[in-house]
Amino acid sequence: MNNTQSTNPKPKAVVLLSGGLDSMVTAAIAQESGFDVHALTVDYGQRHRVELTSAAAIAQRLGLANHVEIALDLRAFGGSALTDSIDVPKRGVGDDIPVTYVPARNLVFLALTTACAEATGAKDVFIGVNALDYSGYPDCRPEFIESFAETARLGTKAGVEGKPFTIHAPLQHMTKADIAKECDRLGLDPVWSWSCYDPAADGKACGQCDSCRLRKKGFAEAGITDSTRYSD
């Protein structure tokens with residue numbers, strides 16, 4: 001009698017890893033959920049390029065199965081304070097969609113992440129979008145994620161063959177305080193990630209852009225120390 005037991009490999013998942021706090025927490029949640037996590041980072045010509053370094057560091061610290069960085073220079077289109085010569089607003093989060101919105105960014109990035117998943121043999125895609133404490137970007141809403149899942153089913157070989165992708169957005173209905181608590185629970189150091197849209201000349205986060213304000217607010221409300229170095 002053969003006592004050797006076969007072990008089933010972990011299912012693969014691809015995480016869109018920007019290098020920000022939300023994507024770091026999302027990658028750790030995917031790992032905790034039992035996935036063999038692969039990560040995709042997009043160098044889209046963003047002015048806060050330090051997040052690319054953070055993404056690589058996060059992938060290494062978490063011991064992800066693979067980390068791919070691809071270049072897609074959206075500065076050719078512009079139209080955003082992150083990819084064009086437009087000042088990053090520092091007045092606080094308002095009700096209108098801010099100029100830091102990058103046209104169709106998550107639509108493009110989810111398409112790329114799904115393509116990476118199909119090529120990798122993964123059926124699960126993770127993205128760290130949030131629709132509570134955020135800047136009002138339309139491509140962070142639950143209805144967008146649901147709609148994209150159907151688009152991926154219709155537009156991929158895997159979907160047509162009856163093996164559709166599952167799009168996971170585990171932070172979708174969390175506040176920034178909830179996300180800060182998850183970061184702490186998962187044993188992640190906030191300083192591994194980068195959220196600031198407009199890094200100061202001294203290399204610190206500006207502390208005044210929407211992303212910095214939301215991040216600081218979340219950690220303060222959670223009562224957890226944010227190890228990020230802020231210029232202000």
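Below, each value reflects all heavy atoms present in this structure, side chains not excepted, and no hydrogens, waters or symmetry copies.
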Donor-acceptor check, side chain of [X] to backbone of [Y], threshold 3.5 angstrom: yes or no?
X: Ser227; Y: Val191; answer: yes
X: Glu182; Y: Val25; answer: no
X: Ser211; Y: Ser195; answer: yes
X: Ser80; Y: Tyr101; answer: yes
X: Ser33; Y: Ile29; answer: yes
X: Asp184; Y: Lys181; answer: no

Just by distance, with hydrogens left out, do [X] and [Y] show a side-chain donor and acceptor under 3.5 Å apart?
X: Asp198; Y: His48; answer: no
X: Tyr44; Y: Arg105; answer: yes
X: Ser54; Y: Ser193; answer: no

How far does [atom1] of [X] sit from [atom2] of [Y], to the nearest 0.5 angstrom?
X: Thr225; Y: Phe219; atom1: OG1; atom2: CZ; value: 9.5 Å
X: Asp22; Y: Leu17; atom1: CG; atom2: CG; value: 11.5 Å
X: Phe109; Y: Leu74; atom1: CZ; atom2: CG; value: 5.5 Å

Checklist entry - With sequence neighbours excluded, what pairs up with Asp226 under the salt bridge (charged side-chain N to carboxylate O under 4.0 Å, His left out) test? => result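 Arg215.
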Checklist entry - Which is it for Glu32 and Arg185 under the salt bridge (Lys or Arg N to Asp or Glu O under 4.0 Å) test, yes or no, and what are the steps along the way? => result CA-CA 11 Å; Glu32 185 180 54; Arg185 182 187 69 79; 2.8 Å; yes
Checklist entry - Would Met174 and Leu132 count as a side chain to side chain contact (heavy atoms under 4.5 Å, CB included) if you check the C-alpha gap in whole Å, the side-chain angles of each, and the deciding distance to 0.1 Å? => result CA-CA 6 Å; Met174 290 186 185; Leu132 291 182; 5.6 Å; no
Checklist entry - Does any pair with a residue in residues 48-65 pass salt bridge (Lys or Arg N to Asp or Glu O under 4.0 Å), and if so which ones, sequence neighbours excluded? => result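 As it turns out, the salt bridge (Lys or Arg N to Asp or Glu O under 4.0 Å) pairs with a partner in residues 48-65, which skip direct neighbours, are Asp43-Arg49.
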Next on the checklist: Ring of Tyr230, cation from Lys216 - is the NZ or CZ under 6.0 Å from the centre and inside 45° of the axis?
Outcome noted: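 Yes, Lys216 sits over the ring of Tyr230.
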